[in-house]
Amino acid sequence: QVQLMESGGGSVEAGGSLRLSCAPSESTYTNGCMGWFRQAPGKEREGVATIYLGGGSTYYADSVLGRFTISEDDAKIMIYLDMVNLKPEDTAMYYCAADPAKGCRYLLQSSNARYWGQGTQVTVSS
């Protein structure tokens, strides 16, 4: 069972920036897809960005394209979500997720990942 540990959430004003980090509990988890998902109150969970570990492709939701960047640190086996120009509608609980078997494009669209973190809150005030 892979556990995912997130950090970096917080409260910012609109236009501000935040960086989220996520690391798997097992250092042997170096392949497959990882990503960020979010859920706002009263809404369904949605995919934000996904990345293939090991320098693979990245995928983004249209709503964050150009503002959010997903990346990985090979040495630390971590992924990041750099968020700039944050908007109030970005307010949500953000979850890190991982799946060794499913494709990143599918995960972004379905939010059907095998492993999930506890979530970290991002609040953007206007």
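Remember, predicted model here, so these are calculated numbers, not experimental data.
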Do [X] and [Y] have side chains that approach each other closer than 4.5 Å (heavy atoms only, starting at C-beta)?
X: R38; Y: E46; result: yes
X: Y60; Y: V48; result: no
X: R67; Y: D90; result: yes
X: T91; Y: Q121; result: yes
X: S21; Y: E6; result: no
X: R105; Y: L108; result: no
X: C96; Y: M34; result: yes

*asked:* For a quick check under 3.5 Å, do D99 and Y115 share a side-chain donor-acceptor pair by atom type?
replied: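 D99 vs Y115: no donor-acceptor pair found between side chains.
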
Compare every heavy atom of [Y] with every heavy atom of [X], then report the nearest pair and how far apart it is.
X: P88; Y: S126; result: CG-CB, 3.8 Å
X: A40; Y: A92; result: N-CB, 3.8 Å
X: V12; Y: S17; result: CG1-O, 3.9 Å

*Can you list every salt bridge (Lys or Arg N to Asp or Glu O under 4.0 Å) pair that touches residues 8-21, not counting sequence neighbours?*
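Residue pairs with at least one partner in residues 8-21: R19-D82.
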
*Pi-cation contact, Y95 with R45 (under 6.0 Å, within 45°)*: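 R45 over Y95 ring: yes.
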
With a 3.5 Å cut-off and sequence neighbours excluded, list the donor-acceptor pairs that the side chains of residues 49-57 form with protein atoms.
| unit_1 | atom_1 | unit_2 | atom_2 | d |
| --- | --- | --- | --- | --- |
| T50 | OG1 | C104 | O | 3.1 |
| Y52 | OH | C104 | N | 3.0 |

*Do you know which of I70, L18, T69, V64 makes side-chain contact (heavy atoms from CB on, under 4.5 Å) with L81?*
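Of the listed residues I70, L18, T69, V64, the side-chain contact (heavy atoms from CB on, under 4.5 Å) partner of L81 is I70.
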
Let me confirm one number: the [atom1]-[atom2] distance from [X] to [Y], rounded to the nearest 0.5 Å.
X: F68; Y: L20; atom1: CZ; atom2: CG; value: 8.0 Å
X: T123; Y: M93; atom1: OG1; atom2: CE; value: 8.5 Å
X: R114; Y: C33; atom1: CZ; atom2: SG; value: 14.5 Å

_With a sphere of 6.0 Å drawn around CD of E89, does it hold more than 12 non-hydrogen atoms of other residues, nucleotides or ligands?_
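It does: E89 CD has more than 12 such atoms within range.
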
*Just wondering, are more than 12 heavy atoms of other shown residues or ligands nearer than 6.0 Å to CD in Q118?*
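Not buried by this count: 12 neighbours or fewer within 6.0 Å.
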
*Give a yes or no on whether the ring-centroid distance for W116 and F37 is below 6.0 angstrom.*
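Yes: the rings meet the under 6.0 Å criterion.
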
*Look at the side chain of S25 and the backbone N and O of L4, then say whether any donor-acceptor pair between them is shorter than 3.5 Å.*
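No; zero donor-acceptor contacts below 3.5 Å.
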
*Using the side chain to side chain contact (heavy atoms under 4.5 Å, CB included) rule, take C22 and Y80 through it: C-alpha gap first, then chi angles, then the decisive distance, then the call.*
CA-CA 6 Å; C22 174; Y80 305 97; over 6 Å; no

*Report yes or no: do L65 and L107 belong to one cluster of Ile/Leu/Val/Met/Phe/Trp/Tyr joined by side chain heavy-atom distances under 4.5 Å?*
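Different clusters: L65 never reaches L107 through Ile, Leu, Val, Met, Phe, Trp or Tyr contacts under 4.5 Å.
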
